[in-house]
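Being a predicted model, the structure only gives us computed values, none of them experimental. In what follows, chains carry the letters A, B, and so on, assigned in the order in which the sequence lines appear, proteins first and then strands, with residues in each chain numbered from 1.
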Amino acid sequence: MLALLRSKKPQILERWIQHQLTLDTLRDDLISNDELREQSEGIVNLIVDQISEQTLALDPYALEPILEYLSGIAISRARHGFSPRETSFYLFSLKNAMLDMLAESAGSDIAALYDMTRSLGRFFDELSTSTFETFIKGREEVILRQTDEIAEISTPVIRVWDQILAMPLIGTLDSARTQVVMENLLQAIVDTGSEIAILDISGVPAVDSLVAQHLIKTVSATRLMGAECIISGIRPEIAQTVVQLGIDLSQVITKATLASALKSAFSMLKLEVRKTQSQKPFLI
Amino acid sequence: MERIPILRMGSFLLVTIQVDLYDRLALTLESDLVQAISKTGAQGVLIDISAVSIVDSFMGRIIGNIASMARLLDAYTVVVGMQPAVAITLIELGLTLPGVQTALNVEKGMQLLQSRIQVTASVEEAPNEDDDAGSPE
Amino acid sequence: MLVVLNKDAFQIQREQDVILFRNRVKEFAVRIGMGVVNQTKLITAASELVRNMLRYASGGEVLIEVITRGRENGIRLTFKDQGPGIPDIKLAMQDGYSTGRSLGLGLPGTKRLVSEFDIKSTVGVGTTVTIVKWKNG
């Protein structure tokens, strides 16, 4: 069978291209026929050259070069906008082309044809599964990167006054995110030498006991470093759930709004904001 | 034998820890510092741990002990420059260093000590206004 | 599926070994690109466990391993001693419990610092504590 496939290489390629052109998953809008032919030729050459007893037995080491090549194709097709279905059918049509060749030369030996079909089928199942995995992995990496980016951009530290920092929190707080929040806030405190940090939770949808615990930890860590932390933006619903859940926030300075937190930060730093007597003209 | 240097700055003592404290070194520091407070009559102790990357419960206990011993000798202790990662770890570990004052850096620690001492000094001063305020020497 | 990528054994006999051991753990953590906070948590946990080992079993052996579960890498430390063993692990894992002259946050505090924590102990035979810290865990 291996010798047969090798000797029929040009015919397999021709057959495969013919197959592809009849498929409804052919996307001549995404790839030109010449490019498709070139890509297909590369795959046929590689598979027919590499196919052996070991690869058909799915020996991972023997499969390695084929899988690596196909992963490259899968990734490049994914980038060009092919759907996973289109890429799978692309490979399946190669299998059909090869099977056609085998059927033509096998003649009436049904048992032998069955054996060959089976082992070739298994081989292609493995290839398409692993191409599919590569495709998913590519997607997962994008998701992970975006998660990191969200964690990064969703925790800005703002210097609202000399010695006063504010950090508005938006979205759900979980352990991983709290760690990023805590780290960014504490580092900013060290970098700016600020004595007071205001954590505003107006944008946090719900506070359960876990989130509350995270907040308490952030406050304690800030104090341990020698600064103070005020939590602002406590909405009435949050006040209700905190008490109903029996969470003790009495050790934490809490304020309803960022404005009142800033006011108490001023008084802690012995600062005063006053209206001036005479109105100075604005210089713009 | 290796020792952590103790610097005298006016009525305060400054200790900068720049190496990982193994147990004996930490215990030596504890006794050296208590001796130095008693000898100089220092009113405040600043312990700068900005170069310390690990504070475990042993080290936490040493810091707590120093603060309590200093208090018995009428001196305040302020720990300054704790790294964010160290603070987060100590909180997770459950070690909040009760009874130890902290400040962001040496400068702020110094201000904290000064305000502390002024408060006590003005209370002590109250009955006799002629007394020399602040330093006993 | 866990795979061990790299490993190293470390003997703990004297208190000075604590610092050397911490540095070794740090090398491994830095090599897999662990962030500062997780590094600090891991090293502090390791420091607590190794001190316990010295205090209760006068030493032992630690296995440092770099492990991976697909995408994520981590460090696994196995602390093995031939000490007296812990008769009641449940009690030892309670906050505030301690037989030694420590702050009593050893085991439960240490557990909070790491991703996975496992302890096995047989009275008269010894104790084995295994901790895992994932790079982002």
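A distance of 8.0 Å separates CG of B:Leu95 from CD of C:Glu48, quoted to the nearest 0.5 Å. If you take CZ on B:Phe58 and CZ on C:Arg55, they are separated by 9.0 Å, rounding to the nearest 0.5 Å. Atom OG in B:Ser53 sits 4.5 Å away from atom NZ in C:Lys26 (nearest 0.5 Å). Distance CD1/B:Ile54 to CZ/C:Arg22: 6.0 Å, rounded to 0.5 Å. Summarising the geometry, atom CG belonging to C:Leu113 is positioned 11.5 Å from atom CD1 belonging to B:Ile91; distances are rounded to the nearest 0.5 Å. With values rounded to the nearest 0.5 angstrom, C:Thr44 atom OG1 is found 11.0 Å from B:Glu92 atom CD.
No more than 12 heavy atoms of other residues, nucleotides or ligands lie within 6.0 Å of NZ in C:Lys111, so this atom counts as exposed by the packing criterion. Counting non-hydrogen atoms of neighbouring residues, nucleotides and ligands closer than 6.0 angstrom, the CD atom of C:Glu27 exceeds 12 such neighbours. Within 6.0 Å of CD in C:Gln82 there are 12 or fewer heavy atoms belonging to other residues, nucleotides or ligands. Counting heavy atoms of neighbouring residues, nucleotides and ligands inside a 6.0 Å radius, atom CD of B:Gln35 does not exceed 12 of them.
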Evaluation steps, side chain to side chain contact (heavy atoms under 4.5 Å, CB included), between B:Gln83 and C:Thr40: CA-CA 10 Å; B:Gln83 290 294 323; C:Thr40 309; over 6 Å; no
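Most heavy-atom pairs under 4.5 Å with chain B, from the set C:Val37, C:Ile43, C:Ile19: that is C:Ile19.
Using a 4.5 Å cut-off between heavy atoms, C:Val18 makes no contact with chain B at all. With a 4.5 angstrom heavy-atom cutoff, C:Asn23 touches chain B only via side-chain atoms.
Scanning all heavy atoms of the two residues, the minimum distance from C:Arg112 to B:Leu93 falls at NH2-O, 3.1 Å.
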